[in-house]
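Okay, so here's the structure we're looking at.
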4 protein chains.
Amino acid sequence: MALTGVLRPGHVAIRVLEMAPALKHYTEVLGLTEVARDPKGRVFLKAWDEHDHHSVVLREADEAGMDYMGWRVDSPATLKKLSADIEKSGLCSDLEWIPAGEHPKTGERFRFTIPTGHVMELFAEKEKLGNNCGTDGPNINPDPWPDGLHGIAPSRFDHCLLYGDDLDGTVKLFTQVLGFGITEQILAGPDKKLMIGVFLSCSNKAHDVAFIRQPVKGKFHHASFELGSWEKVLRAADILSRTKTSIDIGPTRHGITRGETVYFFDPSGNRNEVFAGGYIYYPDKPPITWYDEALGPAIFYHDRTLNEAFLSVFT
Amino acid sequence: MALTGVLRPGHVAIRVLEMAPALKHYTEVLGLTEVARDPKGRVFLKAWDEHDHHSVVLREADEAGMDYMGWRVDSPATLKKLSADIEKSGLCSDLEWIPAGEHPKTGERFRFTIPTGHVMELFAEKEKLGNNCGTDGPNINPDPWPDGLHGIAPSRFDHCLLYGDDLDGTVKLFTQVLGFGITEQILAGPDKKLMIGVFLSCSNKAHDVAFIRQPVKGKFHHASFELGSWEKVLRAADILSRTKTSIDIGPTRHGITRGETVYFFDPSGNRNEVFAGGYIYYPDKPPITWYDEALGPAIFYHDRTLNEAFLSVFT
Amino acid sequence: MALTGVLRPGHVAIRVLEMAPALKHYTEVLGLTEVARDPKGRVFLKAWDEHDHHSVVLREADEAGMDYMGWRVDSPATLKKLSADIEKSGLCSDLEWIPAGEHPKTGERFRFTIPTGHVMELFAEKEKLGNNCGTDGPNINPDPWPDGLHGIAPSRFDHCLLYGDDLDGTVKLFTQVLGFGITEQILAGPDKKLMIGVFLSCSNKAHDVAFIRQPVKGKFHHASFELGSWEKVLRAADILSRTKTSIDIGPTRHGITRGETVYFFDPSGNRNEVFAGGYIYYPDKPPITWYDEALGPAIFYHDRTLNEAFLSVFT
Amino acid sequence: MALTGVLRPGHVAIRVLEMAPALKHYTEVLGLTEVARDPKGRVFLKAWDEHDHHSVVLREADEAGMDYMGWRVDSPATLKKLSADIEKSGLCSDLEWIPAGEHPKTGERFRFTIPTGHVMELFAEKEKLGNNCGTDGPNINPDPWPDGLHGIAPSRFDHCLLYGDDLDGTVKLFTQVLGFGITEQILAGPDKKLMIGVFLSCSNKAHDVAFIRQPVKGKFHHASFELGSWEKVLRAADILSRTKTSIDIGPTRHGITRGETVYFFDPSGNRNEVFAGGYIYYPDKPPITWYDEALGPAIFYHDRTLNEAFLSVFT
């Protein structure tokens, strides 16, 4: 009881066109910490308040985008059960077990492609770092935040927003097989029956993953990282401007989730977000519904209109 | 899966010496909204971002303190199962079913006294208010916060801190029967084996309830309400001073939970807290441990010493 | 010594197309307080932390824009001296004395048109309100902010940004006759000799008035009001969206002055700003210079480009 | 006109018992930057947003406290005039010219002892650093804050609070000779005629220097440094706790000046303050008056009582 099953987004694997500028972006600007490299040249990173070994994986490739998103489940037994449930559901393709150790310090992962074309993984084991702030030393009498933070320094990888076509299949998978709740939805069409956007939570967070219906497969809109306050969002935007990092939009507020946000791009064109705020979600809370005519304030509450890039720029 | 079992603190019933000044405090200063009164003279209140009918119950009595704390569980089936588990555990006394309707708009509640002497309740049903901000109107295209907030205006009732003697029994009940995790603990004694304080979560919150070991039964340290930011904590303290409300301590930060806080007293001497911040807890995260010699910064991170009232003033 | 001569922007007189919606905007949304009306139908307003009788004057007219901006000087003697200096300078036209009482509770005003075509006034006397927060009661043991604030509730009218052609003449007037300092300037042209924007201060503020060179006479870009924090800028933007007020841009930061800002429009199309932050200016500080190729970040530090409206929309 | 005469607090010279721990405190914890040392072993420091060469001078001595406070005046002519006015006033003793270069990069200083026993200096010349953020490079297209800030990192040295006996003489000097205004005062006695505290401004700041009447000569309560926000005050308090720096009180708000503050001690026992907020003062604004029975909220608005150290601990 309490929180069981799928616990949280555990990692996101992002393709970058060139590793050196990407690393500079993710470590010096965004402020993650490199924790490992593997023989394939992948780089593993984490944010300061995460206790797991890594949460972001960078891989050099010819095309930007998301390779896969991994979800931490509560136990090997749950991993086994959910993998069976997924198979039984018939909703996913390319089911596959990735052996332990393929990610450093990580147990075996169950990989599958969801109806919107995104590759997802479940895993039950990843090495934990000892102390409160996810760095070194024991977990005793800790300070509230670690010394030596650099760059924007989000506390954790929080969620992804993804674009894909078969939203109905993906929602069915997340809600009926994986136990997520719908926190917010965007409905369109003459009778507001067509779901064009959905925000899903496996926790008390306003979203752990979100999907927008678009006539594409497996596309990546952004990976988001959590900041503690609106003032830190301003500081993030200042750092982005100082470092000539391309800002998409913000600082502003989302209507959906109420989050305070800035969107920006890594050097390969993958969109990142840092945000603060939101609300505490509970599974008995009915979804908040946005109608398509309110799509503007739903996404960007202050501008009340989508910027050009929101629907057209993704990787 | 996801969040199941005990979902959240659902209500706290507080005894006040005189209803009129208490109501003035809880509505005009703290900024809750009165939603109902019952024939016994009890007054039911809620915070603006709660969707359940009420979260605070005030009752006039000769002595201040907490009557009981109620917990929302996910379903009638869970209510039945947990009530049986509690009975089977042999840890609690005075087991009792309170009939539906004894609280307005609320289903039957299972009541029991825990080893530290506090009365707790489980319930599965309480009427929901329709819209996003817990007021009126449909849950569609909502604004991020409602118009017409007054006073300090916390978003929700968040947790209680309670004093009692049999901490071991209470921890056993919450962790082994009710599915809570220990987020932080204070250990004392020559070999740091004696738990003198414990913070427990049934969610992603840093605490849903906390206990301090004291040679008393069923005592109430404070009920806490959530604010969205450190600036709102300052605004709260300003309102408390303007209204001549007795402030215990703050604004300051807790070492435990990292919360940004101000403590104050209602006119009957019951302690309230409003706070912001904290971190996202997951059940696989090992507890943070504080040793008794660090009790000062654990409780009040800036002063690094307990104020006189912390251990001696409770109701 | 200390602060003498021209002390501060004392009032701005704004033309609105219809008084009722304008008043609703300036009182309920922006959150000023109406203090007087006169027989001509003008409405006089003030912000909560101003001690003078009024700072905003609304007049119904066929065309939006600014009638004039008034400056408080330190004494009648200074008023007399500066009026003579202005006359002697030969830089201004339409010199005129407005008799005492033409504005309620206000002494005589010396009116003149500056080279960029804007009407300015100097005055030495305006009735003061008694207490610390500019409302009622004595100025003794005050609270830091008054109860009963409504809307965005800026503390004071802060500055105007104006468009006009003869920037050189206006700068000469403000710096050589009126004693202002240049805090920041925008330089263009092949050798960066052409000043296309200038920010002027008669105080420790980063600007009391600013001008942009445009081939127009007497045009009004915005009137700005001070907020205490970046969080209040967010709250302002939320209120603007809730009330369907047209937002021009923001929340964002200006490079020039470092201010944290949101721009919006009153119902007649006059631009308003609320902002926080900035720095402390001293007259011995050399001006900050921006080159025209950095005009984007100079104006909007995060977007790093002017929005379409900045240069083209004014009244 | 505009701001003339005495412009601002230019430096404070503090005695420390041991230079090494003092330097560690002022550079690593408070976050000033060392800019020079002289043959006498004095160390000169500045804050990041100051344009003058230095603002804090540390000198090793057997006793902590303040050697002197220096004031920047607008010109050599003003320096000459004010030195003559001070001499003529007969209010000060130990008048003395300190030759140029005694402080590095600084012109001659006129030194005098005021009626409360404090040594003050006026000076007109100190080398300016080139760029916007007071570090290196040209003053062109600047970012809003510099990279590489460390520690608490206040923007500037702001004011001192001093204890002394002849408050009347000192107030006379500052208001009648040096051109300061009284922003706030504390009045005591049966008919509220005895001024026991006074806050003085030569600018738009709520205070540039303050005095409390105490039966001592030349005592130092604190030197204060400006932060940009209440969130930075929290961050400062966190850094103070992390570094085991002795905190006197805070975070809290002052009633007087409305400042948001934390007080702490350097390793020699000299009190420092970092603060945010306040209001814009103008010389035509009547002083705010606090009666001695409201001394608690006047000094510490939330606690509403002086802490033990406020009156008894100074250097």
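Chain A is the first sequence line, chain B the second, and so forth, proteins listed ahead of strands; every chain is numbered from 1. Small disclaimer: the values here were computed from a predicted structure and weren't measured.
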Handout entry: A:D284: which of B:K126, B:R8, B:H51 passes side-chain hydrogen bond (donor to acceptor under 3.5 Å, both in side chains)
Key =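 For A:D284, the side-chain hydrogen bond (donor to acceptor under 3.5 Å, both in side chains) check succeeds only for B:R8.
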Exercise for the section: Identify which of B:P283, B:A298, B:C202, B:S155 forms the greatest number of heavy-atom pairs closer than 4.5 Å to chain A. Expected result: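 If we count pairs closer than 4.5 Å to chain A, B:P283 comes out on top.
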Problem - Among the listed options A:I256, A:L7, A:T257, A:L187, the residue most often paired with chain B at heavy-atom distances under 4.5 Å - result: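 The candidate making the most pairs under 4.5 Å is A:L7.
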Practice task
Considering only heavy atoms and a distance below 4.5 Å, find which of A:T289, A:I280, A:I186 pairs most often with chain B.
Solution key: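 Maximum pair count with chain B is reached by A:T289.
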Exercise for the section: Below 4.5 Å from any heavy atom of chain B, which atoms of A:P297 appear? Answer side chain, backbone, both or neither. Expected result: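 Contact with chain B: none, neither part.
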Exercise for the section: Please flag which part of A:S229 lies under 4.5 Å from any non-hydrogen atom of chain B: side chain, backbone, both or neither. Expected result: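 A:S229 has no heavy atom closer than 4.5 Å to chain B.
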Solution key, residues 170-178 of chain B side-chain donor-acceptor pairs under 3.5 Å, sequence neighbours excluded:
from   : atom 1 : to     : atom 2 : distance (Å)
B:T170 : OG1    : B:T116 : N      : 3.0
B:T170 : OG1    : B:T116 : OG1    : 2.9
B:T175 : OG1    : B:V171 : O      : 2.7

Practice task
Check salt bridge (Lys or Arg N to Asp or Glu O under 4.0 Å) between B:K192 and all other residues, then give those that pass, not counting sequence neighbours.
Solution key: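 For B:K192, the residues satisfying salt bridge (Lys or Arg N to Asp or Glu O under 4.0 Å) (neighbours in sequence not counted) are B:D292, B:E293.
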Problem - A:A2 to B:G179 - nearest heavy-atom pair and separation - result: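 For A:A2 versus B:G179, the nearest heavy atoms are CB-O, 3.1 Å.
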Exercise for the section: Identify the heavy atoms of B:W290 and A:P142 that sit nearest to each other, and give their distance. Expected result: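 Nearest pair, atom of B:W290 first, then A:P142: CH2-O, 3.1 Å.
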Problem - Interatomic spacing from CG in A:L3 to CG in B:N204 - rounded to 0.5 Å - result: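 Reported value, rounded in 0.5 Å steps: 5.0 Å.
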Handout entry: Nearest-0.5 Å distance that lies between atom OH in B:Y282 and atom CG in A:D52
Key =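 If we round to the nearest 0.5 Å, B:Y282:OH and A:D52:CG are 10.0 Å apart.
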Practice task
Inspect the contact between B:R258 and A:D49 and indicate whether a charged nitrogen and a carboxylate oxygen are less than 4.0 angstrom apart.
Solution key: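 Between B:R258 and A:D49 there is a salt bridge, with a charged N closer than 4.0 Å to a carboxylate O.
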Handout entry: Residue pair A:Y291, B:I140: steps toward the side chain to side chain contact (heavy atoms under 4.5 Å, CB included) verdict
Key = CA-CA 8 Å; A:Y291 291 152; B:I140 289 171; 3.2 Å; yes
